[in-house]
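Predicted model, so just to flag it, every value in this text is computed and none were measured.
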Amino acid sequence: SNFASSVPPSLAPYVYAFSPPFKGLGATVMGMSWARAAIFYGSDRGKDTLESAGVSQTMATVLPPLLVSTAVQCVNMPLVR
């Protein structure tokens, strides 16, 4: 018998949801993790770089997350599909 049949009925749906096969779970978790790290890091570094180059505060705040998020989305799309 499987593990899901030995848990209380109220928990069975949750156990079933997290039991194998994990269709793409690893790719999704890793994709989300690196994407968030890249966006936060890229936004901070990009803002510092643009401010030191004399770009306006508004552009230095808006451009880095916009550009990094776009790049991350383009990289992640083939992985998640």
Side-chain angles (χ1 to χ4, degrees):
S1 168
N2 64 21
F3 178 72
S5 63
S6 65
V7 298
S10 60
L11 296 177
Y14 301 104
V15 172
Y16 178 74
F18 287 100
S19 62
F22 301 107
K23 301 176 182 138
L25 177 73
T28 302
V29 170
M30 290 304 294
M32 290 172 59
S33 298
W34 91 265
R36 289 180 177 153
I39 291 167
F40 284 118
Y41 180 76
S43 296
D44 288 344
R45 295 283 297 175
K47 181 177 180 182
D48 294 342
T49 302
L50 290 176
E51 283 179 342
S52 67
V55 176
S56 72
Q57 179 73 27
T58 303
M59 294 304 280
T61 302
V62 172
L63 284 179
L66 181 65
L67 296 175
V68 175
S69 297
T70 301
V72 164
Q73 184 69 14
C74 291
V75 170
N76 272 355
M77 281 307 291
L79 297 177
V80 175
R81 289 180 173 216

Is there a side-chain contact between Val68 and Phe40, using heavy atoms and a 4.5 Å cut-off? no
Can you name the nearest heavy-atom pair linking Pro64 to Gly42, along with the distance? CB-O, 4.0 Å
Could you tell me whether a side-chain N or O of Ser52 sits under 3.5 Å from a main-chain N or O of Thr49, the two making a donor and an acceptor? yes
Same apolar cluster (I L V M F W Y, side chains within < 4.5 Å links), Val75/Ile39: yes
Atom pair CG (Asn76) and CE (Met30), whose distance is rounded to the nearest 0.5 Å: 10.5 Å
With Gln73, which residues qualify under side chain to side chain contact (heavy atoms under 4.5 Å, CB included), at least two apart? Met77
Between the OG atom in Ser69 and the CZ atom in Arg36, the distance rounded to the nearest 0.5 Å is 11.5 Å
For residues Thr61 and Lys47, report the shortest heavy-atom separation together with the two atoms involved. OG1-CE, 3.8 Å
